[in-house]
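Quick caveat, the model's predicted, so the values are computed rather than measured. Throughout, numbering of the chain's residues begins at 1 and tracks the sequence.
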Amino acid sequence: MASTSADHTDAAGRVLRPRMSARPHLSQTSSADDLHGVLSALTKSNGNGILCSESNSGHSTPIPHDAPPSVQSLSTARKQVRAEQRRRLFPTVEFASRVSHFDPNSDYRDFHGFFNLFWVGLAIMCITTMLRNIKDTGYPLRVEIWSLFTVKIWHLAIADFFMVASTAVALPLHRIFRAAPAGSALTWARGGMAIMSIYQVLWLALWIAVPFLLEWTWTSQVFLVLHTMVLLMKMHSYAFYNGHLSETEKRLRALDDPSTASRAPAYIYPTTRNPMGTMTAGHSDANGQKANGTTEDAETVAQLREVLARELTSPIGNITYPANLTWANYVDYIFCPTLCYEIEYPRSDKINWPNLFSKIAAVFGCISLLTLISEEFILPALVDASRRLDPSLRAESAPLTAVEVLLVLAETVSWLLFPFMLTLLLVFLVIFEYVLGAFAELTRFADRHFYSDWWNSTDWMEFSREWNVPVYSFLRRHVYSASRPYIGKANATVITFLISAIGHEIVMACITKKIRGYGFVCQMLQLPIVVLQRTRWVRGRKTLNNVCFWCSMILGLSLICSLYVLV
């Protein structure tokens with residue numbers, strides 16, 4: 001009979017088979033298994049023909065007396081491990097100094113199961129809500145908000161198309177600014193920046209007024225206003241960055257004749273690696289000029305020329321200004337999920353179509369959930385509060401008192417806390433994970449860093465950096481970095497928050513058709529709160545600060561909504 005694969009023969013041709021373990025029912029410890037496997041592999045075959053079993057039976061071929069000392073040592077160690085195993089009646093549990101997954105010092109970061117639990121919880125909420133509606137009304141859903149989506153929808157589509165198309169004026173205007181000779185009133189530095197700024201102000205005023213003039217519903221107005229803000233930032237970034245490049249190109253061309261060219265330091269535009277922007281490569285006297293003909297001057301010119309040329313080249317290195325001034329490049333930029341223009345972006349190899357379709361489906365799913373939450377939990381609370389605060393529904397002998405108003409407001413805020421928490425999370429998901437993710441997949445935009453772990457924020461400054469990375473990058477590049485050299489770090493920070501607060505207030509005014517300033521005040525209050533949180537009594541208390549952040553976030557959303565609607 002032929003021997004099995006586990007059989008071996010010795011030098012005399014005899015078949016050696018591994019013997020069965022005398023105690024097969026005992027468990028092997030993990031550490032013993034590992035050591036036995038290593039020893040077996042090391043002694044399986046040596047130069048003297050010594051062989052041992054490959055099975056895990058715990059026995060092997062006897063070691064000859066004349067075996068090398070290394071083989072004898074391995075055999076002795078193996079026997080000691082087997083003897084130790086025989087003394088253990090139960091498997092060994094490994095204990096070590098470790099922290100739990102939720103411990104702040106833990107390196108564990110995979111909480112995908114809780115993400116799935118979030119959706120399971122929302123599914124339960126939807127099912128119970130629809131069952132309750134069927135019981136009360138005979139229909140699974142209310143239709144008050146759903147019906148608003150179809151009102152004048154063609155007006156919205158046409159207006160949105162023309163709004164997007166009107167941003168393209170930036171490209172022909174920029175070509176005019178670039179073609180203007182140095183020193184002309186139409187160059188970017190002299191007149192182009194002012195022309196583009198005036199156009200942006202008029203453009204913004206027009207498209208904010210359109211929903212009011214056409215008497216749209218608040219749902220259509222929300223979409224158009226938010227899209228208007230996005231396109232305003234995109235147009236601004238495109239115009240100002242290309243304007244900077246046009247001035248850089250003029251300086252580079254001027255260096256072809258070093259005798260008349262300026263030696264002033266070159267301005268490097270803010271990037272991810274250079275967030276503040278720098279002045280580099282150049283030496284100047286009081287007049288911005290330097291005498292030529294010296295070796296030092298030649299080196300300065302060469303260095304300045306190199307820096308200017310690199311500034312005109314994309315970070316990836318495939319496109320150099322002005323090769324980016326094409327309609328295809330502009331249309332691609334409009335669809336890319338970023339607010340900061342670059343000559344070239346990193347791209348993925350191909351479109352992941354299943355991922356794209358899943359994100360598109362998730363967008364509609366999140367919008368449906370947001371509508372359901374608004375219909376079932378937010379709108380009824382606001383309607384009830386408005387009715388209770390309506391003076392016309394009360395007797396003249398029992399007018400509203402300040403205490404009653406405050407009680408109704410407090411009760412309404414409490415009813416809105418949980419719905420607004422869900423609304424916040426769903427808005428975050430639909431915008432930063434699904435809408436931006438879908439456009440990134442469609443354009444093969446490779447940088448998908450649209451947010452960081454904002455849920456761990458300990459102050460509002462950290463939240464502003466991590467909640468909305470595209471807007472934060474725009475404000476840092478085109479507001480903070482642009483104003484800091486002139487007004488200092490503290491004032492630049494205030495200006496950045498001020499512009500952000502004005503933008504949020506415009507959105508709230510368009511949605512509610514009221515100018516109250518509640519959102520503006522609440523957002524500007526973040527600055528003194530940040531100063532307080534960075535004092536030595538509060539700084540470093542991460543859990544406390546994060547709890548305060550979440551409480552102020554949820555309470556603030558409910559309070560602002562109640563104030564805008566009821567007051």
Tell me whether the count of non-hydrogen atoms from other residues, nucleotides or ligands lying under 6.0 Å of CD1 in I515 goes above 12.
no
Backbone of A189 reached by a side-chain donor or acceptor of E247 within 3.5 Å:
yes
If we only count heavy atoms from C-beta on, is the H244 to E311 side-chain gap below 4.5 Å?
yes
Salt bridge (Lys or Arg N to Asp or Glu O under 4.0 Å) between E462 and R534, intermediate numbers included
CA-CA 12 Å; E462 184 180 357; R534 294 187 175 182; over 6 Å; no
Do D459 side-chain atoms and Q526 backbone N/O form a donor-acceptor pair below 3.5 Å?
no
Do R516 and E505 pass the salt bridge (Lys or Arg N to Asp or Glu O under 4.0 Å) test, and can you show the C-alpha distance, the side-chain angles, and the key distance before you say yes or no?
CA-CA 9 Å; R516 295 292 186 270; E505 184 61 28; over 6 Å; no
Check step by step if side chain to side chain contact (heavy atoms under 4.5 Å, CB included) holds for C510 and L224.
CA-CA 10 Å; C510 292; L224 191 74; over 6 Å; no
Kindly give the heavy-atom pair with the smallest separation between A239 and M196, and that separation in Å.
CB-CG, 3.5 Å
Compare all side-chain heavy atoms of Q200 with those of L232 and state whether any distance is below 4.5 angstrom.
yes
Minimum side-chain heavy-atom gap I176-P172 below 4.5 Å:
no
Residues N242, Y321; criterion side chain to side chain contact (heavy atoms under 4.5 Å, CB included); working and verdict
CA-CA 9 Å; N242 277 303; Y321 179 89; 3.7 Å; yes
Any donor-acceptor pair under 3.5 Å from E249 side chain to L312 backbone
no
For atom CZ of F212, is the number of surrounding heavy atoms from other residues, nucleotides or ligands below 6.0 Å larger than 12?
yes
Would you indicate whether the side-chain heavy atoms of I351 and R444 approach each other to under 4.5 Å?
yes
Using atom types as modelled and distance alone, determine if a side-chain donor or acceptor of S558 lies under 3.5 Å from a backbone N or O of L416.
yes
N/O donor-acceptor pair under 3.5 Å between K513 side chain and W218 backbone:
no
Distance-minimising heavy-atom pair for L308 and L255:
CD1-CD1, 3.7 Å
Measure the OG1-CZ distance between T493 and R484 for me, rounded to the nearest 0.5 Å.
8.0 Å
Is V494 close to L527 at the side-chain level, that is, under 4.5 Å between some pair of heavy atoms?
yes
Non-hydrogen atoms of H174 and S246 that approach each other most closely
CE1-CB, 3.8 Å
Quick check against the 3.5 Å criterion: does Y333 have a side-chain atom that pairs as donor or acceptor with the backbone of K234?
yes
Counting neighbours of CZ on F364 that are heavy atoms of other residues, nucleotides or ligands and sit closer than 6.0 Å, is the number greater than 12?
no
Is the W216 to W154 ring centre distance short of 6.0 Å?
no
Angle between ring planes, W454 versus F428, binned at 30° and 60°: parallel, tilted or perpendicular?
perpendicular
Please list every donor-acceptor pair under 3.5 Å in which a side-chain atom of residues 160-169 meets a protein atom from a residue at least two apart or in another chain.
residue : atom : partner : partner atom : Å
D160    : OD1  : H227    : ND1          : 2.6
D160    : OD2  : H227    : ND1          : 3.4
S166    : OG   : F162    : O            : 3.2
S166    : OG   : M163    : O            : 2.7
S166    : OG   : W203    : NE1          : 2.6
T167    : OG1  : V164    : O            : 2.6
T167    : OG1  : Y330    : OH           : 2.9

Can you confirm whether more than 12 heavy atoms, excluding those of R310, are under 6.0 Å from its CZ atom?
no
Taking all non-hydrogen atoms of both residues, which atom of S386 and which atom of L566 are closest, and how far apart?
OG-CD2, 3.3 Å
Using 30° and 60° as the class boundaries, would you call the ring planes of W119 and F115 parallel, tilted or perpendicular?
perpendicular
Aromatic ring pairing F549/F463, orientation class (parallel under 30°, perpendicular over 60°, tilted between):
tilted
Which pairs, with at least one residue in residues 496-522 and sequence neighbours excluded, count as a ring-ring contact (aromatic ring centres under 6.0 Å, His included)?
Y518-Y564
Could you check whether atom CZ of R175 has more than 12 heavy atoms from other residues, nucleotides or ligands sitting under 6.0 Å from it?
yes
Where do D447 and T338 land on the side chain to side chain contact (heavy atoms under 4.5 Å, CB included) test, with the steps shown first?
CA-CA 9 Å; D447 189 355; T338 179; over 6 Å; no
So does G183 get a backbone contact from the side chain of T187, meaning a donor-acceptor N/O pair under 3.5 Å?
no
Any side-chain heavy-atom pair of L186 and I195 under 4.5 Å
yes
Verdict with supporting geometry, E433 and Y451, side chain to side chain contact (heavy atoms under 4.5 Å, CB included):
CA-CA 9 Å; E433 182 64 25; Y451 58 89; 2.5 Å; yes
Closer than 3.5 angstrom, by distance alone: can the side chain of E441 be matched with the main-chain N or O of N355 as a donor-acceptor pair?
no
Over all heavy atoms of both residues, which pair between L475 and S500 is shortest? Give the atoms and the distance, please.
CD1-CB, 4.1 Å
Under 6.0 Å between ring centres: does that hold for F450 and F432?
no
D453 atom CG, over 12 foreign heavy atoms within 6.0 Å:
yes
Which heavy atom in K542 sits nearest to a heavy atom in T458, and how many Å separate them?
O-CG2, 3.8 Å
Do Y345 and F445 have their ring centres less than 6.0 Å from each other?
yes
Got a donor-acceptor contact below 3.5 angstrom from the K152 side chain to the L214 backbone?
yes
Residue pair S481 / R476, side-chain heavy-atom distance below 4.5 Å:
yes
Value rounded to 0.5 Å, distance of CD in Q221 from CG in L148
12.0 Å
Indicate, with yes or no, if the rings of W467 and Y472 have centres closer together than 6.0 Å.
no
For the atom pair CG (L563) and OG1 (T512), what is the distance rounded to the nearest 0.5 Å?
11.0 Å
Please check if the side chain of S237 supplies one atom and the backbone of Y341 the other of a donor-acceptor pair under 3.5 Å.
yes
Going from CD1 on I343 to CG on N324, what distance comes out if it is rounded to the nearest 0.5 angstrom?
5.0 Å
With the side chain counted from C-beta on, respond yes when T371 and T219 share a heavy-atom pair under 4.5 Å apart, and no when they do not.
no
How many angstroms lie between CG in L442 and CZ in F335, if you round to the nearest 0.5 Å?
7.5 Å
Find the distance between CG (L204) and CD1 (I208) and round it off to the nearest 0.5 Å.
4.0 Å
Could you tell me which residues satisfy salt bridge (Lys or Arg N to Asp or Glu O under 4.0 Å) with R190, sequence neighbours excluded, listed by chain and number?
none
